[in-house]
Novice: 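Sending over a structure as structure tokens; questions will come in a sec.
Below, chain A is the first sequence line, B the second, and so on; all start at residue 1.
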Amino acid sequence: MAGTRYRPHEIEPKWQRYWQAKGVYRTETGSDRPKYYVLEMLPYPSGVLHMGHVRNYTIGDALARYKRMCGFRVLHPMGWDSFGLPAENAAIKHGQDPRDWTRSNIAEMKRQLRSFGFSYDWDCELSSCEPEYYRWNQWFFLRMWERGLAYRKKAAVNWCPACATVLANEQVVDGCCWRHEGTAVEQQERDQWFFKTTAYADELLNALEDLSDGWPDRVLTMQRNWIGRSTGTEVDFTVEGDGDAIRVFTTRVDTIFGATCLILAPLHPLVDRFGFGDRGQAMATAAATKSPDDLEKEGFFTGRYAVNPYSGRKVPIWVGNFVVMTYGTGAIMAVPAHDQRDFEFCSKHGIDIVPVIRPSDGALARPDDMEEAFCRYGIVEDSGEFSGMDSAAAIARMSDHAEATGFGNAAVTFRLRDWGVSRQRYWGTPIPMVHCQECGVVPVPDADLPVLLPTNVSLTGTGESPLREVHDFVQVDCPECGRPAERESDTMDTFVDSSWYFYRYTDARNSLAPFDSATASKWFPIDQYIGGVEHAVLHLIYCRFFSKVMRDLGLIDWDEPVQRLFTQGMVIRDGRKMSKNLGNVVSPEELLDKYGSDTARMFSLFAAPPDRDLDWQDESVEGMWRFLSRVNRLVARHADTGAEASAQPTLPADRAALRKLHQTIDRVTADFESRWHFNTSIASIMELTNELYARENALSNGVIQECLRGLVRLLGPFAPHLTEELWHALSGTGPLLDASWPKYDADLARDDNVQVVVQINGKLRDRLTVPKGLPKDQLSELARQTDRISTLLAGKTVHRVIEIPDRLVNFVAR
RNA sequence: GCUGGAGUGGCGGAAUUGGCAGACGCACUGGACUCAAAAUCCAGCGCCCUUCACUGGGCAUGAGGGUUCGACUCCCUCCUCCAGCACCA
């Protein structure tokens, strides 16, 4: 029975118990209803739900409920990204076991999620720190190893002193750690495991085009930039004296006759060979700790020369701090006349400037007059047989020439690097590899998976993997020769865990495989993925890479896992992102205690369109509480009347109420189907509520029942507890999710009369109420006859009449 | 520097296709109810001018220009803010 007071703290737990007892959110399988997979990014179990989570899950939950009511079978799962540093740091700080800490956080967060009433099917819950899950990380690692997609190499890697571990390139932000703003990332040489993401660089880039319908432009652009494909030419310069070649990559081979020196990256192997290894190291370290803006271009001459294969010109070999080892070939040709950075470097160090490109409408610059490089395309000069060509033609011909002569070729370079997955930390998936003196690097056989993460490890946070000290773990027999060997002690980046988890949801208890392909194919691709934009180039590239690998392993037969992606905005308060550090957080728990979850959900959807940042204002939450109370009171007054719902108008006001109802159905449905501007959906439901309040006593019983049932169902995806309560009171049945989404009736929604605006010379002068659909000439005739218009038009000549039926008449008059 | 997004009342925001700018909500003001308060209900609420009042008029969507009968919306120039990328050769 609906009470007259809105009491969320009574009804919310009641209906949560009811949903759980009835198994309302269990995923429906084996029906022929169309599928819909709605997924929210899984949280790290920090133990505290914050407003960002609530916003994310409220959007997903509204969509899941809407689709359910529209007749889809919906997969709406939730899990835990439960490996990672905070657990380990808590262990170091408070001496707590990471496993216990994580599990109790999960229990707490799950309780919070349940108290919000999100419609998750907890039967597919997964937690990445459990062996049942992470054994499949290891399984994927072995498959990638077999295909050469997982490999080990010594490399300069990003080292965060605060995390005491290595970071992937994607985890370095402005030269600092993504978790430790202000902690500069250092470069260290280490043996590391990598996943060969670059093997799919072209495909990852090209497939972005297919995603353009369902993914935000912002994310597509970010990924495009991150992959950073650029086309150019690779050219060998021969080192004088020892016949070695230095290969450079350039996008402007047309300028190569103007190359006046070569510049090597400080960590280029030749720098060491020339005897400047230490100096190069020092330079690399100094450069890595500064942002590009503050870095003066510095360098030194190696005393060696190389020969330009096109011109035969002998050029000095320098080392420069602005040349990056990890891009292109780690060496560049400097063309100071046509590249601004080279210009600055060469001017500073007294290296020749030789212009070879002139503007198509001008003359070749004189080196002494140049104040900056001329970087645009133009006409090639002083370049032997290529002189006189325009840049584009020269680039093509010169690349061909390099290839024909054998000193180079056209080439494509990517900014994307292979994904470094080694972490020198405890709380992650053990890498399933063994190092044997005899056999080298040997994979752990499938039959021996999972390689269990040992317990009772002493955690110090010193920088070496804590697992190195666990002798039972490290000392193993070589799987190949049986002799004593050492287990790999690095663990995997936790982004490995989240790269494929959404497949596991479809078959979460499978102990024979990561998932069953046939089962997954019943749900994939993910119809709608929802999460924060901060994962645009981390998770969202890694998971695309994983899907491509899985496809090549024959596990799936599609290319992309996520059909549509939605990135929600941040929650802001006092102009800043809500964060514990800034002390401006609103805890969802507080909100729950004060208003209940429906109010919190409604507000987080109403305050801003979901893709924009949400400005949190405490007073506005109060307004949402008032609205729900209003709905509750309205429905309570008409529940239990025994009246049947009827869409037949009998009283004069009935027609208007039904019209408003169907106009609202139209708007809310449209918002779900296209724009996702739930703030306007809720606004229109408020309008409907206001209208019903205003007409309440003038409506027939049948029509008011009809309108209320419509109202409650429209509100259902946003405020599930209150509407469940009201739906039971109105209809005597439930759950509301089994009720169908209200059907829009265009006839009922149609206005009989419309207000038409009358303008003179584009200025609003009068309004007119006319029957809808009134033809053009009749409309302007009526408009002309009104008192105001006829007065204003008197003595003027009407040159033109613009008529938009049902909207406006504009007299152009003088 | 490059790329993407945004700029509308005191505030969050609306205007879906070039057609009434400010829906809906917050805050505020006034009224009703009440012994009183809370809650609730009703009304008002961009700026300026005009009128005792009814009213009437002008201005206004970051700035300036353009296209159009008509521009928050399209085009050009510029400013500010947010985000991402960046000696990427």
Novice: Looking for any heavy atom pair under 4.0 Å, which part of the strands does A:D339 touch: base, sugar-phosphate only, or nothing?
Specialist: nothing
Novice: Of all the choices, B:G84, B:G57, B:G12, which nucleotide is nearest to the side chain of A:M222 once you look at every atom?
Specialist: B:G84
Novice: Using a 4.0 Å heavy-atom cut-off, does A:R229 contact any base of the nucleic acid, only the sugar-phosphate backbone, or nothing at all?
Specialist: nothing
Novice: Taking both distances under 3.5 Å as the test for a Watson-Crick or G-U pair, what stems of at least three pairs does RNA chain B have?
Specialist: B:1-7 with B:79-85, B:10-12 with B:24-26, B:28-32 with B:40-44, B:46-49 with B:56-59, B:62-66 with B:74-78
Novice: I'd like to check the side-chain hydrogen bond (donor to acceptor under 3.5 Å, both in side chains) partners of A:R55; sequence neighbours left out, ordered by chain and number.
Specialist: none
Novice: Applying salt bridge (Lys or Arg N to Asp or Glu O under 4.0 Å), run through A:K594 and A:E622 and close with a yes or a no.
Specialist: CA-CA 10 Å; A:K594 210 163 166 193; A:E622 196 87 29; 5.0 Å; no
Novice: In whole Å, measure the gap between the C1' atoms of B:U40 and B:C49 for me.
Specialist: 39 Å
Novice: Between B:C88, B:G13, B:C24, spot the one nearest the side chain of A:A683, thanks.
Specialist: B:C24
Novice: Name all residues meeting the side-chain hydrogen bond (donor to acceptor under 3.5 Å, both in side chains) criterion together with A:R637; count only those two or more places apart in sequence or in a different chain, and write none if there are none.
Specialist: A:E696
Novice: When all nucleic acid strands are considered with a 4.0 Å heavy-atom cut-off, which category describes A:P216: base, sugar-phosphate, or nothing?
Specialist: nothing
Novice: Just by distance, with hydrogens left out, do A:N810 and A:R800 show a side-chain donor and acceptor under 3.5 Å apart?
Specialist: no
Novice: Detail all sub-3.5 Å separations between protein N/O atoms and N/O atoms belonging to nucleotides 28-33 of chain B.
Specialist:
none

Novice: Just checking A:F345: base, sugar-phosphate only, or nothing, at a heavy-atom cut-off of under 4.0 Å?
Specialist: nothing
Novice: Which residues satisfy the side chain to side chain contact (heavy atoms under 4.5 Å, CB included) test with A:T769, sequence neighbours excluded?
Specialist: A:N753, A:Q755
Novice: Under 4.0 Å, counting only non-hydrogen atoms across every strand here, what does A:V323 touch: a base, just sugar-phosphate, or nothing?
Specialist: base
Novice: Below 3.5 Å between N/O atoms, which protein atoms pair up with nucleotides 2-11 of chain B? Just atom names and distances, please.
Specialist:
residue, atom, partner, partner atom, Å
B:C11, O2', A:Q617, NE2, 2.5

Novice: Mind checking if A:Q755 touches a base, just sugar-phosphate, or nothing, with heavy atoms under 4.0 Å?
Specialist: base
Novice: For A:D339, check side-chain hydrogen bond (donor to acceptor under 3.5 Å, both in side chains) against everything at least two apart and list the hits.
Specialist: A:R341
Novice: Tell me every residue that passes salt bridge (Lys or Arg N to Asp or Glu O under 4.0 Å) with A:D618, counting only those two or more places apart in sequence or in another chain.
Specialist: A:R573
Novice: Can you measure A:M624 atom CE to B:A27 atom C1' for me and round it to whole angstrom units?
Specialist: 15 Å
Novice: Looking at A:K772 and A:D751, does any basic side-chain N land under 4.0 Å from a carboxylate oxygen?
Specialist: no
Novice: Syn or anti for B:G12, with syn set at within 90° of 0?
Specialist: anti
Novice: How would you list, by chain and number, every residue that makes a salt bridge (Lys or Arg N to Asp or Glu O under 4.0 Å) with A:R417, sequence neighbours excluded?
Specialist: none
Novice: Does A:R659 pair with A:E691 as a salt bridge, N-O distance under 4.0 Å?
Specialist: no
Novice: Describe the nucleic acid contact of A:R415 in one word from base, sugar-phosphate, nothing, applying a heavy-atom distance below 4.0 Å.
Specialist: base
Novice: Toward the 5' end of RNA chain B, which comes first, A:E622 or A:D342, by nearest nucleotide?
Specialist: A:E622
Novice: Atom NZ of residue position A:K776 - does it have more than 12 heavy atoms of other residues, nucleotides or ligands inside 6.0 Å?
Specialist: no
Novice: According to salt bridge (Lys or Arg N to Asp or Glu O under 4.0 Å), who are the partners of A:R229, at least two apart in sequence or on a separate chain?
Specialist: A:D202
Novice: What is the per-nucleotide protein-contact pattern of nucleotides 64-73 of chain B, from the 5' end, where B denotes a base atom under 4.0 Å from a protein heavy atom, S denotes such proximity for sugar-phosphate atoms only, and - denotes neither?
Specialist: -----B----
Novice: What nucleotide, of B:G58, B:G84, B:G19, holds the atom closest to the side chain of A:K763?
Specialist: B:G58
Novice: So, is the end of the A:R313 side chain (NZ or CZ) under 6.0 Å from the ring centre of A:F257 and within 45° of the ring's axis?
Specialist: no
Novice: Could you tell me whether A:S629 contacts a base, only the sugar-phosphate backbone, or nothing, with contacts defined as non-hydrogen atoms closer than 4.0 Å?
Specialist: nothing
Novice: Which part of the nucleic acid, if any, lies within contact of A:G228, taking any heavy atom under 4.0 Å across all strands shown: a base, the sugar-phosphate backbone alone, or nothing?
Specialist: nothing
Novice: I'd like to check the side-chain hydrogen bond (donor to acceptor under 3.5 Å, both in side chains) partners of A:T233; sequence neighbours left out, ordered by chain and number.
Specialist: A:S399
Novice: Where the side chain of A:R667 is concerned, which of B:U16, B:G58, B:C88 is the nearest nucleotide?
Specialist: B:U16
